[in-house]
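Heads up: the structure comes next, in structure tokens.
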Protein chains: 2
Amino acid sequence: MEITKREEEYLETMYMLQKNKGVIRVKDISKKLGVRPPSVVDALKKLSEKGLINYEKYDRILLTEKGLEIAKETYQKHVLLMKFFTEILGIPPEIAEEDACQFEHYVHEITAERMKEFAHYIQEHCPYVLKQFLKEHVEKEGAKAQKTPPK
Amino acid sequence: MEITKREEEYLETMYMLQKNKGVIRVKDISKKLGVRPPSVVDALKKLSEKGLINYEKYDRILLTEKGLEIAKETYQKHVLLMKFFTEILGIPPEIAEEDACQFEHYVHEITAERMKEFAHYIQEHCPYVLKQFLKEHVEKEGAKAQKTPPK
DNA sequence: CACCTGAATTAGTTTGACCTAAATAATTTA
DNA sequence: TAAATTATTTAGGTCAAACTAATTCAGGTG
């Protein structure tokens with residue numbers, strides 16, 4: 001049984017809900033993924049058939065061992081990509097979030113790993129150059145974040 | 001009318017065929033995208049309805065102004081991502097190719113642009129650190145490429 | 001010029017992922 | 001606890017993107 005990118009997304013979302021709210025509800029998945037509740041139920045049934053979650057209707061939803069594993073892997077890639085986009089490239093969080101949310105499902109293991117290594121390497125070996133790059137390219141967001149306007 | 005990621009992919013492929021072979025054939029699109037010819041024909045009809053290509057059955061296929069524009073944009077992102085993955089991260093071309101092929105359809109303009117700027121910045125401001133990073137992380141491919149084994 | 005082959009197309013299905021509207025279950029509250 | 005509200009589920013679509021099998025067309029060759 002193949003697992004689709006979208007199913008990965010569902011698993012990751014459920015994992016995060018579990019972590020943050022302690023419980024996984026259809027409504028919350030629906031909200032997070034921007035789809036209607038019936039679509040979530042469809043997905044839950046398929047994930048259940050594939051043995052990635054335990055799901056009985058009107059009952060609580062739980063990730064299985066296998067589902068959890070996939071969710072965690074995906075989530076880790078997400079975090080790693082977010083760090084790269086925000087800390088190295090200086091992309092605003094909302095945009096980085098969207099980019100990461102897509103790329104996490106496609107990026108090869110080696111590429112993800114290399115991005116992490118690169119980030120560390122640069123942060124260690126030329127932090128000043130990185131700082132300078134960010135300063136030169138992140139004026140707008142810096143300005144927006146400014147709570148007290150210069151008088 | 002919305003344009004899908006997959007349609008973008010078709011346009012990009014046709015653009016490349018046009019550039020390389022001078023003519024766009026169903027069979028070649030089929031081969032490049034790894035789908036059967038009828039699927040290509042389906043796609044061509046839709047793209048034609050959306051005004052992105054000129055297509056009459058059994059006739060030659062041409063990108064319209066609008067189709068060409070989208071194809072070029074996508075292609076440019078592809079090239080840029082390839083450069084980043086191979087020249088900055090040292091990812092092997094075949095893998096970089098696959099990553100780029102997906103990400104090019106999702107990445108935000110700002111992120112793509114920033115990657116380009118970052119690449120230039122690093123190459124200019126700390127080329128030695130970059131060289132060192134690549135040397136330390138690209139041993140395997142280097143070894144594989146070695147035609148004459150050290151005796 | 002008729003035939004053959006390979007390319008392109010049509011017809012008819014399938015699958016994933018979504019939707020709306022309507023029904024049912026669970027939970028809250030008066 | 002009965003009624004009202006909210007959450008979840010079912011039923012019945014739609015749409016994009018693919019597929020196979022069968023058909024039609026175009027170009028080259030005997």
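Side-chain atoms are counted along with the backbone in the values below, which use heavy atoms only and exclude waters and symmetry mates. Throughout, a chain's letter reflects where its sequence line sits, starting with A, and its residues are numbered from 1.
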Using heavy atoms and a sub-4.0 Å distance, could you list which residues of residues 11-41 of chain A are near DNA chain D? By number, please.
-> A:R25, A:V26, A:K27, A:P37, A:P38, A:V41

Quick one: is D:dT10 close enough that its OP1 or OP2 comes under 4.0 Å of any side-chain N or O from A:K57?
-> yes

Closer than 4.0 Å, any side-chain N/O of B:Y10 to the OP1 or OP2 of D:dA18?
-> yes

For the pair A:E8 and A:K5, find out whether any cationic side-chain nitrogen is under 4.0 Å from an anionic carboxylate oxygen.
-> no

Would [X] and [Y] show up in the same hydrophobic cluster when neighbours are defined by side-chain heavy atoms closer than 4.5 Å?
| X | Y | value |
| --- | --- | --- |
| A:L52 | A:L33 | yes |
| A:V79 | A:F118 | no |
| B:L130 | B:V138 | yes |

For A:K5, report the nucleic acid contact type (base, sugar-phosphate, nothing); a contact means any heavy atom under 4.0 Å.
-> nothing

Please report, rounded to the nearest Å, how far the [atom2] atom of [N] is from the [atom1] atom of [X].
| X | N | atom1 | atom2 | result |
| --- | --- | --- | --- | --- |
| B:D59 | D:dA26 | CG | C1' | 12 Å |
| A:E56 | D:dT8 | CD | P | 16 Å |
| A:L44 | D:dT8 | CG | P | 10 Å |

Distance-only donor-acceptor check, side chains A:H78 and A:E97, under 3.5 Å = yes

A:Q132 and A:E136: side-chain donor and acceptor closer than 3.5 Å?
-> yes

Contact interval (first through last nucleotide) of DNA chain C with protein chain B, 4.0 Å heavy-atom | C:dA7 to C:dT10

Checking A:V23, A:L62, A:L68, A:T13 against A:Q18 for side-chain contact (heavy atoms from CB on, under 4.5 Å), the one that qualifies is A:L62

List the atom of A:T86, the atom of A:A96, and the distance in Å for their closest heavy-atom pair.
-> CG2-CB, 3.7 Å

Could a donor-acceptor pair under 3.5 angstrom be found where the side chain of A:Y58 meets the base of D:dT9?
-> no

Those stems involving DNA chain C that have three or more consecutive Watson-Crick or G-U pairs, both distances under 3.5 Å, are C:1-30 with D:1-30

Strictly under 6.0 Å, is that where the ring centroids of B:Y106 and A:F103 end up?
-> no

Point-to-point distance, once rounded to the nearest 0.5 Å, from CD1 of B:I53 to CG of B:L44 = 4.5 Å

Between atom CD1 of A:I91 and atom CG of A:D99, what is the distance when rounded to the nearest 0.5 Å?
-> 7.0 Å

